[in-house]
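The next block holds one structure in the form of structure tokens; read it before the comments.
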Amino acid sequence: MEERTQAYLRGRFGDHYRRSEFTPPPDANEREWGFIPWTDGPGETMVRHRSLLDLGELGEFLQRKRPKHVYFSAGRYRDPSASSMSAKEWRSSDLVFDLDADHLPAVELGEDSYAQMLAKCKEALLRLLDFLENDFGFEDLTLVFSGGRGYHVHVRDAGIQQLERDARREIVDYVRGIGLEFEQLVDEEAVAGTAGRSSPAQKRTLSTEGGWSRRAHRHVMSVVDDLLERDEEAAIERLREYEGIGEGKATAALSAARKNYDQLAAGNIDVHPAFFQIAKPLMTEVVAMDNAPIDEPVTTDTNRLIRLPGSLHGGSGLEVQRIERDAIDDFDPLVDAVPETFRGHDITIEVTDGGPVELGGDSFTLEPGIGTYPEHVGVFAMARGRAEKGPE
């Protein structure tokens with residue numbers, strides 16, 4: 001990035017901060033703070049081990065320094081400005097989750113547009129919230145668009161503040177479905193034996209109430225509904241895709257699904273041995289579809305620095321934006337996170353990496369060379385390394 005581009009962005013970041021108000025996180029004085037300034041050269045240097053006392057009033061600090069990135073710690077400390085983690089004396093930590101579009105299995109890098117990547121990331125966020133709210137019962141959640149490629153969730157319930165890394169890793173494993181076995185989800189209940197059997201039979205069910213069992217049952221019913229919508233030949237062909245299922249077992253499983261739909265809907269997956277054999281491999285599909293592919297090191301790290309809501313992301317020019325829970329469905333990061341400071345003006349940039357840009361509710365095509373574009377598009381292109389500041 002050329003010097004004039006850095007100077008322009010730094011100045012406009014400062015203009016944004018002069019127009020903005022900031023709400024620090026709870027216990028802001030007990031957290032470590034860090035920031036990355038605009039510097040020459042390809043590398044970035046983090047300035048960290050600062051307390052809020054060192055920085056001063058948050059709004060004034062941002063207006064004065066006009067940093068490229070701003071962070072605060074998930075952890076709370078006795079002395080947050082100490083130069084080593086041991087000297088800080090850890091007290092507690094929020095539970096932080098990070099979803100990054102670049103790391104999602106559903107995202108096709110090089111194929112998906114930025115907008116498509118963020119849309120898939122929001123789908124993963126909604127799955128994560130299902131785990132946090134319904135499986136764990138967490139209530140104190142702060143949702144944040146990262147300003148870049150994804151979303152953060154800060155959990156501040158009192159019950160998680162003292163969790164060590166190993167306990168946090170167990171939460172990670174749960175929401176990612178790591179080590180999950182089908183047998184763990186199935187409830188077995190002895191029922192009266194049928195004629196000719198001296199011992200009770202076992203009825204195996206999936207809970208429809210919650211947790212991974214509910215997700216597995218939901219997927220089973222989705223597969224059943226799909227089968228029943230097909231004709232006989234297509235349904236049997238679909239069932240034969242499962243390992244160990246020949247035409248005979250496929251026919252028997254399909255017949256059982258048709259005759260026992262209400263039992264299946266109630267959670268009974270033991271309507272026929274052939275059907276139960278098919279239900280088991282569905283577990284792999286459930287984990288792939290319903291897990292929340294979070295960044296494990298972020299959640300297990302009690303000292304992690306995370307972006308400050310309200311600050312600007314130096315790699316996009318978008319705002320790191322807090323989102324109300326009931327607004328998440330309608331939230332469009334490429335519209336709602338565009339700072340008002342950068343709207344309503346045109347600037348000249350020199351495009352070095354042309355191509356499409358979707359931003360502010362419109363689509364643009366960056367043409368290589370010098371051109372004039374809405375400022376929010378120009379800031380985005382410069383921050384992403386796709387353009388330099390052009391002459392005025």
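For the numbers below, each heavy atom of this structure counts, side chains included, while hydrogens, waters and symmetry mates do not.
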> What orientation do Phe342 and His16 show, parallel under 30°, tilted 30 to 60°, or perpendicular over 60°?
Replying inline: tilted
> Is the Phe331 ring parallel, tilted or perpendicular to the Phe145 ring (thresholds 30°, 60°)?
Replying inline: tilted
> Between Arg322 and Thr142, does any side-chain donor sit less than 3.5 Å from a side-chain acceptor?
Replying inline: no
> Is it true that the side chains of Thr299 and Asp301 contain a donor and an acceptor less than 3.5 Å apart?
Replying inline: no
> Pick from Tyr174, Phe131, Phe97: which one makes a ring pair (Phe, Tyr, Trp, His ring centres under 6.0 Å) with Phe136?
Replying inline: Tyr174
>> Given Phe35, which partner from the list Phe13, Tyr71, Tyr17, Phe61 fulfils the ring pair (Phe, Tyr, Trp, His ring centres under 6.0 Å) test?
In response: Phe61
Is a donor on one side and an acceptor on the other found under 3.5 Å between the side chain of [X] and the backbone of [Y]?
| X | Y | value |
| --- | --- | --- |
| Lys122 | Ile328 | yes |
| Ser92 | Arg76 | no |
| Arg168 | Leu163 | yes |
| Ser222 | Arg218 | no |
| Gln162 | Arg91 | yes |
| Lys68 | Ile36 | no |
| Trp33 | Ala28 | yes |
| Ser73 | Arg304 | no |

Take atom [atom1] in [X]; do more than 12 heavy atoms of anything else shown fall under 6.0 Å from it?
| X | atom1 | value |
| --- | --- | --- |
| Glu89 | CD | yes |
| Gln184 | CD | yes |
| Lys65 | NZ | no |
| Glu241 | CD | yes |

Hey, could you give me the [atom1]/[atom2] distance between [X] and [Y], rounded to the nearest 0.5 Å?
| X | Y | atom1 | atom2 | value |
| --- | --- | --- | --- | --- |
| Glu237 | Leu227 | CD | CG | 12.0 Å |
| Leu141 | Asp94 | CG | CG | 11.0 Å |
| Glu2 | Met382 | CD | CE | 11.5 Å |
| Leu125 | His152 | CG | NE2 | 11.0 Å |
| Thr39 | Arg10 | OG1 | CZ | 11.0 Å |
| Lys389 | Ile370 | NZ | CD1 | 10.0 Å |

> Mind checking what makes side chain to side chain donor-acceptor pair (under 3.5 Å) contact with Asp295, not counting sequence neighbours?
Replying inline: none
>> Would a single hydrophobic cluster contain both Tyr151 and Phe138, if residues Ile, Leu, Val, Met, Phe, Trp and Tyr are joined by side-chain heavy-atom contacts under 4.5 Å?
In response: yes
>> Between Leu62 and Leu312, is there shared hydrophobic-cluster membership here, with clusters defined by ILVMFWY side-chain heavy atoms closer than 4.5 Å?
In response: yes
>> Please give me the minimum heavy-atom distance between Arg307 and Pro309, naming the atom from each residue.
In response: O-CD, 3.3 Å
> How would you list all residue pairs meeting salt bridge (charged side-chain N to carboxylate O under 4.0 Å, His left out) that involve residues 270-284, not counting sequence neighbours?
Replying inline: Glu183-Lys280, Arg204-Asp270
